Amino acid sequence: MSSRTNISCLQEAARVAIFGGTHGNEMSGITLVNMWIQNSAEIERNRLVVKPFISNPRAVEKCSRYIDTDLNRAFTPETLSAPDVEGLPYEVQRAKEINQMFGPKGSSDAYDVIFDLHNTTSNMGSTLILESSTDLFNLQMVHYIKKALAPHTCSVLLNEHPQLKYSTTRSVAKHPIGLEVGPQPQGVLRSNVFESMRTILKHALDFIQLFNSGVEFPPCTVDVFRVQERMDYPRDTNGNITAMVHPHLQDCDWEPLNHGDPMFLTFDGRTVLYEGANTVYPTFINEAAYYEKQQAFMTTCREILAANAIRKACK
């Protein structure tokens, strides 16, 4: 990347992948990707190679989140460098294959952009997930998408917390971007969720085509929710859950949670209050897939990120 008069010149995004089925029971991305594998006309753009791809086909076949381990946590240096020996967990084998096909991760040969499509059971609406606050290409892209969707909303979740960030399937790309759309039960298709995801991908690909054609995007700001903490359910000494998400918090993703607000309701009817000093904005509230990860919801803080103007670098 080079910079001239506050314009950042970035490399052309020539190769894009769209992953569905990283979790095999999240049906919107699976259905869209399978549809685009059969007929790619909708996602074709000038100056762009777009590859739709089912990330975890065995989990998709069984309509389960994963077979042996969570593929969306498997892209660690240790996993990707593990020897190819018999008996590796299926998702570890799959991570190594994906890294070879779309990476290698961190190399100049990696795909430029990977969109990883997910559904959530939480009431998050449409949410774009970023892994870096300094990726100007992604910041400009989500700004473009949010403007194109207006007056409909699309939240942006930033997860670059050093302890809470995990090794995602999309992290193989130079510009990884996740998409969560909900609420939708696992193993179920909802038409409104399906169409929201489809529309966001259209705008994202339009942005990349415009960038590749030489369009300059002016400076912008992006309102994001930065990941702070993962909150677990209250538990007894044996590790069993003793409370539920409070009804005043349930379905209130992205709404402020203040000191003293209800957070959990114990099985014997006692309210557990939020005791944090600062207002936070919860998300992934009561996500079904996160019970196994001991997470009731995630707290975030609101932040505004600024991005320089960008254009394609001259060859």
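Because the structure is predicted, anything quoted here is derived from the model rather than measured.
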| query | Does some side-chain heavy atom of N159 sit less than 4.5 Å from a side-chain heavy atom of Y166? | reply | yes
| message | Which label fits H203 and Y144: parallel for a plane angle under 30°, tilted from 30 to 60°, or perpendicular past 60°? | response | perpendicular
| said: Is it the case that the side chains of S171 and E131 hold a donor-acceptor pair, with the cut-off being a distance below 3.5 Å and no angle test? | reply: no
| query | Would you find a donor on one side and an acceptor on the other, under 3.5 Å apart, between the side chain of N212 and the backbone of R47? | reply | yes
| said: Could you check whether any side-chain N or O of E180 sits under 3.5 Å from a backbone N or O of T127, counting only pairs where one atom can act as donor and the other as acceptor? | reply: no
| query | Are side-chain heavy atoms of L80 and F75 found at a separation under 4.5 Å? | reply | yes
| query | For residues Q295 and R230, is any side-chain donor paired with an opposing acceptor at under 3.5 Å? | reply | yes
| said: Looking at S28, is its backbone amide N or carbonyl O close enough to the side chain of N119 to form a donor-acceptor pair, meaning the two atoms are under 3.5 Å apart? | reply: yes
| query | Is the shortest side-chain N to carboxylate O distance from R45 to D206 below 4.0 Å? | reply | yes
| field | E12 side chain to A14 backbone, donor-acceptor under 3.5 Å | value | no
| Cationic N near anionic O, under 4.0 Å, E61 to R58 | no
| said: Test your reading of the model: is there a side-chain donor-acceptor pair from D109 to the backbone of P104, 3.5 Å cut-off? | reply: no
| field | D135/H175 under side-chain hydrogen bond (donor to acceptor under 3.5 Å, both in side chains): CA gap, chis, key distance, verdict | value | CA-CA 7 Å; D135 185 333; H175 304 290; 3.0 Å; yes
| query | Hey, does the side chain of E287 reach the backbone of T120 with a donor-acceptor pair shorter than 3.5 angstrom? | reply | no
| If we only count heavy atoms from C-beta on, is the T299 to L257 side-chain gap below 4.5 Å? | no
| query | With under 30° as parallel and over 60° as perpendicular, where do the rings of F102 and F19 fit, or are they tilted in between? | reply | perpendicular
| request: May I ask you to say whether K293 pairs ionically with D70, meaning some side-chain N is under 4.0 Å from a carboxylate O? | output: yes
| Side-chain contact, heavy-atom cut-off 4.5 Å: I200 with F115? | no
| query | Under a 4.5 Å cut-off applied to non-hydrogen side-chain atoms, are N72 and E91 in contact? | reply | no
| query | So, for F217 and F137, is the gap between ring centers shorter than 6.0 Å? | reply | no
| Just by modelled atom types, is the P218 backbone N or O under 3.5 Å from a matching donor or acceptor in the Q140 side chain? | yes
| Less than 4.5 Å apart, any side-chain heavy atom of T69 and any of Y90? | no
| field | Donor-acceptor contact below 3.5 Å, side chain K105 vs main chain N99 | value | no
| task | Indicate yes or no for a side-chain donor-acceptor contact from T266 to the backbone of T242 under 3.5 Å, with no hydrogens or angles considered. | result | no
| message | With a 3.5 Å distance limit and no angle check, can you tell me whether T31 reaches the backbone of M27 through a side-chain donor-acceptor pair? | response | yes
| L201 side chain reached by L117 side chain, heavy atoms, under 4.5 Å | yes
| Can you check whether V156 reaches L305 side chain to side chain, under 4.5 Å on heavy atoms? | no
| task | For the pair R94 and E97, find out whether any cationic side-chain nitrogen is under 4.0 Å from an anionic carboxylate oxygen. | result | yes
| said: Applying a strict under-4.5 Å side-chain criterion to I, L, V, M, F, W and Y, I'd like to know whether V50 and L210 cluster together. | reply: yes
